[in-house]
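Predicted, not measured: the structure shown is a model, and the values here were computed from it.
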Amino acid sequence: ENIPAVLCDNYQGGILAANRLFDAGCRNIAIFNPPTKENIPAYSREKAFMKCCEDKKISGRVVYTDRLAPLSEEFGNNILELLKKNSDLDGIFATSDVMAANIIRACKKMGKRVPEDISIAGYDGITIAKILEPKLTTLCQDTVAIGRIAAEKLIDLIENPKTTLIDRFTVDGTLFKGTSVKRLLP
């Protein structure tokens with residue numbers, strides 16, 4: 001593509017999330033994700049998550065959510081139905097923190113305790129992750145670095161339009177180990 005971009009390393013995020021659930025003892029895990037295309041960041045998270053499950057020889061599956069507004073009641077109901085259909089899961093990676101919050105709420109409605117009965121990890125590192133109860137384990141995007149690099153590249157492109165390389169840059173995220181993932185008993 002001929003469009004410069006600065007993104008969080010979404011593939012790395014999928015690996016970190018899968019490894020966090022695996023290291024906690026989860027062996028029947030899923031990624032909850034809306035149906036995605038290859039050029040959407042969540043696709044890289046899904047691809048990495050499933051590759052990690054395959055490499056570790058554990059049961060990993062993709063559970064596709066409806067494409068509804070994530071804060072809507074309809075989306076919450078969709079999550080609840082998907083959890084009922086996948087009640088055997090012991091770990092879930094949600095491709096956004098808002099989705100993870102909906103999953104935690106749906107688990108409570110079903111009588112499942114997080115993290116005692118099921119572990120939940122999210123992606124984004126938004127403020128809600130640290131005020132949820134339990135605190136959400138999440139891959140935090142380094143938005144300061146993303147913004148700084150994007151501004152530097154934009155200024156360079158404006159000042160030197162003929163010599164600036166059009167490129168994509170990735171910035172590593174960091175895993176915030178909240179209390180929504182718990183070590184399972186062996």
Side-chain angles (χ1 to χ4, degrees), residues 1 3-67 70 75 78-79 81-83 85-104 106-107 112 114-115 117-126 129 136-143 145-146 149 167-186:
E1 291 183 34
I3 301 171
V6 183
L7 306 165
C8 189
D9 188 339
N10 290 285
Y11 194 89
Q12 174 222 29
I15 299 259
L16 288 172
N19 280 332
R20 178 68 185 111
L21 292 170
F22 180 81
D23 291 346
C26 299
R27 296 297 181 267
N28 194 17
I29 62 179
I31 180 169
F32 276 48
N33 196 18
T36 61
K37 297 179 181 170
E38 286 187 35
N39 61 342
I40 304 295
Y43 176 79
S44 294
R45 299 171 199 167
E46 177 184 311
K47 187 174 163 187
F49 181 88
M50 294 307 293
K51 174 78 169 99
C52 192
C53 289
E54 180 184 315
D55 290 349
K56 294 186 180 303
K57 298 179 180 16
I58 61 170
S59 175
R61 69 183 97 143
V62 180
V63 176
Y64 289 115
T65 63
D66 283 344
R67 287 189 174 277
F75 187 76
N78 174 240
I79 294 293
E81 288 306 310
L82 291 171
L83 280 173
K85 289 178 185 172
N86 294 277
S87 61
D88 59 326
L89 294 173
D90 59 7
I92 296 173
F93 170 42
T95 56
S96 77
D97 289 347
V98 173
M99 185 185 302
N102 270 301
I103 292 170
I104 290 171
C107 284
K112 284 191 172 208
V114 178
D117 301 324
I118 187 168
S119 290
I120 312 290
Y123 192 101
D124 285 325
I126 61 174
L136 183 63
T137 295
T138 185
L139 193 288
C140 299
Q141 298 188 60
D142 187 347
T143 53
I146 290 170
I149 294 168
D167 209 350
R168 295 177 85 83
F169 299 89
T170 57
V171 176
D172 288 344
T174 56
L175 187 69
F176 171 75
K177 292 183 181 178
T179 54
S180 64
V181 174
K182 182 179 179 182
R183 178 97 184 129
L184 299 175
L185 297 175

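- Closest approach of Q12 and G173 over heavy atoms only: OE1-N, 3.1 Å.
- The heavy-atom pair separating S96 from M99 by the smallest distance is OG-N, 3.0 Å.
- Judged as a side chain to side chain contact (heavy atoms under 4.5 Å, CB included), and not counting sequence neighbours, the contacts of A17 are F93.
- The shortest side-chain heavy-atom distance between L175 and T137 falls under the 4.5 Å cut-off.
- Legend: residues meeting side-chain hydrogen bond (donor to acceptor under 3.5 Å, both in side chains) with D172, ordered by chain and number and at least two apart, are absent.
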task: Output, in order, the C-alpha distance, side-chain angles, deciding distance and verdict of side-chain contact (heavy atoms from CB on, under 4.5 Å) for R61 and I31.
output: CA-CA 6 Å; R61 69 183 97 143; I31 180 169; over 6 Å; no
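- The existence of a salt bridge linking D90 and K112 is excluded, since no basic side-chain nitrogen approaches an acidic carboxylate oxygen closer than 4.0 Å.
- When side chains are defined from C-beta on, N33 does not count as touching Y123, because their heavy atoms never get closer than 4.5 Å.
- Contact record, A100 with G122: CB-CA, 4.1 Å, taken as the closest heavy-atom pair.
- Here the rule is side-chain contact (heavy atoms from CB on, under 4.5 Å) with L139, and of L16, T174, D124 only L16 fits it.
- Here ring-ring contact (aromatic ring centres under 6.0 Å, His included) pairs that include residues 15-47, with residues two or more places apart or in two chains, number zero.
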- prompt: Do I146 and C8 pass the side-chain contact (heavy atoms from CB on, under 4.5 Å) test, and can you show the C-alpha distance, the side-chain angles, and the key distance before you say yes or no?
  reply: CA-CA 7 Å; I146 290 170; C8 189; 4.1 Å; yes
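- Within the 4.5 Å cutoff, the side chain of F75 has heavy atoms near those of the T65 side chain.
- Under the 3.5 Å distance criterion, with hydrogens and angles disregarded, a donor-acceptor pair is assigned to the side chains of N28 and S59.
- Nearest approach of S180 to P115, heavy atoms of both residues: O-CB, 3.4 Å.
- Residues meeting the salt bridge (Lys or Arg N to Asp or Glu O under 4.0 Å) test with E81, sequence neighbours left out: K84.
- In this structure, the side chain of T170 does not engage the main chain of L7 through any donor-acceptor pair within 3.5 Å.
- No donor-acceptor pair closer than 3.5 Å links the side chain of N10 to the backbone N or O of A42.
- Atom CG of N102 sits about 6.0 Å away from atom CD1 of I79, to the nearest 0.5 Å.
- Contact annotation: the side chain of T95 never approaches that of P41 to less than 4.5 Å [non-hydrogen atoms, C-beta and beyond].
- How far CG of L136 is from NZ of K177: 14.5 Å, rounded to the nearest 0.5 Å.
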Derivation of the side-chain contact (heavy atoms from CB on, under 4.5 Å) call for Q141 and V171: CA-CA 8 Å; Q141 298 188 60; V171 176; over 6 Å; no
- request: Determine, step by step, whether I118 and L89 satisfy the side-chain contact (heavy atoms from CB on, under 4.5 Å) criterion, reporting the C-alpha distance in whole Å, the side-chain angles of both residues, the deciding distance to 0.1 Å, and the verdict.
  value: CA-CA 7 Å; I118 187 168; L89 294 173; 4.2 Å; yes
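- For the atom pair T143 OG1 and I126 CD1, the distance stands at 11.5 Å (nearest 0.5 Å).
- Distance check, rounded to the nearest 0.5 Å: CZ of F49 to CG of N19 gives 10.0 Å.
- To the nearest 0.5 angstrom, L21 atom CG is 8.5 Å from C53 atom SG.
- Pairs engaging residues 9-23 under the salt bridge (Lys or Arg N to Asp or Glu O under 4.0 Å) rule: none recorded [sequence neighbours left out].
- Applying the salt bridge (Lys or Arg N to Asp or Glu O under 4.0 Å) test to pairs two or more places apart or on separate chains, those with a residue in residues 39-54 are K51-D55.
- A distance of 5.5 Å separates CD1 of I92 from SG of C107, quoted to the nearest 0.5 Å.
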